[in-house]
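Everything on this sheet refers to the single structure shown next.
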Amino acid sequence: MPASTEVKHDEKARQFEMPVSGGLAVLTYTREGDRIDLLHTGVPADDEGRGHGSALVKAAFDYARGAKLKVVPTCPFVKAYLEKHPDQRDIAVGP
């Protein structure tokens with residue numbers, strides 16, 4: 001069970017983060033112009049498979065949509081998320 005289900009956006013660290021029982025789950029990114037490049041999703045091993053990564057990606061897409069950004073899904077987990085959530089593909093671009 002996660003320590004919190006709330007995802008925090010840490011703009012200074014360029015990551016979305018969520019405390020979980022095994023530590024901190026994070027989704028790192030870079031931003032340039034009107035694009036946010038989602039680089040890496042990391043969830044502590046003991047917390048994998050519990051939806052934490054998906055919560056981080058959803059928060060990142062919600063942020064991008066609200067800020068009118070395009071999402072570059074560099075992270076393989078984000079690419080897999082898009083396969084399962086085609087409704088999010090309208091703001092995804094390359095690579």
Tell me whether Arg65 contacts the main-chain N or O of Ile91 through its side chain, where contact means a donor paired with an acceptor under 3.5 Å.
no
State, yes or no, whether a side-chain contact exists between Arg50 and Val20 at a heavy-atom distance under 4.5 Å.
no
For Phe77, enumerate each residue passing the ring pair (Phe, Tyr, Trp, His ring centres under 6.0 Å) test, keeping only those at least two apart in sequence or located in another chain.
none
Give me the atom names and distance for the closest heavy-atom approach of Gly23 to Pro44.
N-CG, 4.0 Å
Show me the donor-acceptor pairs, under 3.5 Å and distance only, between side chains in residues 55-62 and residues at least two apart or in other chains.
residue: Lys58; atom: NZ; partner: Asp62; partner atom: OD2; Å: 2.8

Give me the one residue out of Leu38, Leu39, Val72 that meets side-chain contact (heavy atoms from CB on, under 4.5 Å) with Thr30.
Leu39
One should read off an interatomic distance between Leu27 CG and His40 NE2, to the nearest 0.5 angstrom, of 9.0 Å
Please determine whether residues Tyr63 and Leu24 belong to a single hydrophobic cluster, defined as Ile, Leu, Val, Met, Phe, Trp and Tyr linked transitively by side-chain heavy-atom distances below 4.5 Å.
no
Treat each ILVMFWY residue as a node, draw an edge where side-chain heavy atoms are under 4.5 Å apart, and state whether Val78 and Val43 are in one component.
no
Taking every non-hydrogen atom, the tightest pair across Asp87 and Asp90
O-OD1, 3.2 Å
If only side-chain N and O atoms count, and only distance matters, is there a donor-acceptor pair under 3.5 Å linking Asp47 with Ser21?
yes
Hey, what do you get for CZ (Arg31) to CD1 (Ile36), rounding to the nearest 0.5 Å?
7.0 Å
Output side-chain donor-acceptor pairs under 3.5 Å for residues 7-14, partner residues at least two apart or in another chain, one line each.
residue: His9; atom: NE2; partner: Tyr29; partner atom: OH; Å: 2.6
residue: Asp10; atom: OD1; partner: Lys12; partner atom: N; Å: 3.2
residue: Asp10; atom: OD1; partner: Ala13; partner atom: N; Å: 3.0

Check whether any side-chain heavy atom of Glu83 sits under 4.5 Å from a side-chain heavy atom of Arg89, and report yes or no.
yes
Verdict with supporting geometry, Met18 and His52, side-chain contact (heavy atoms from CB on, under 4.5 Å):
CA-CA 8 Å; Met18 179 172 64; His52 304 310; 3.3 Å; yes
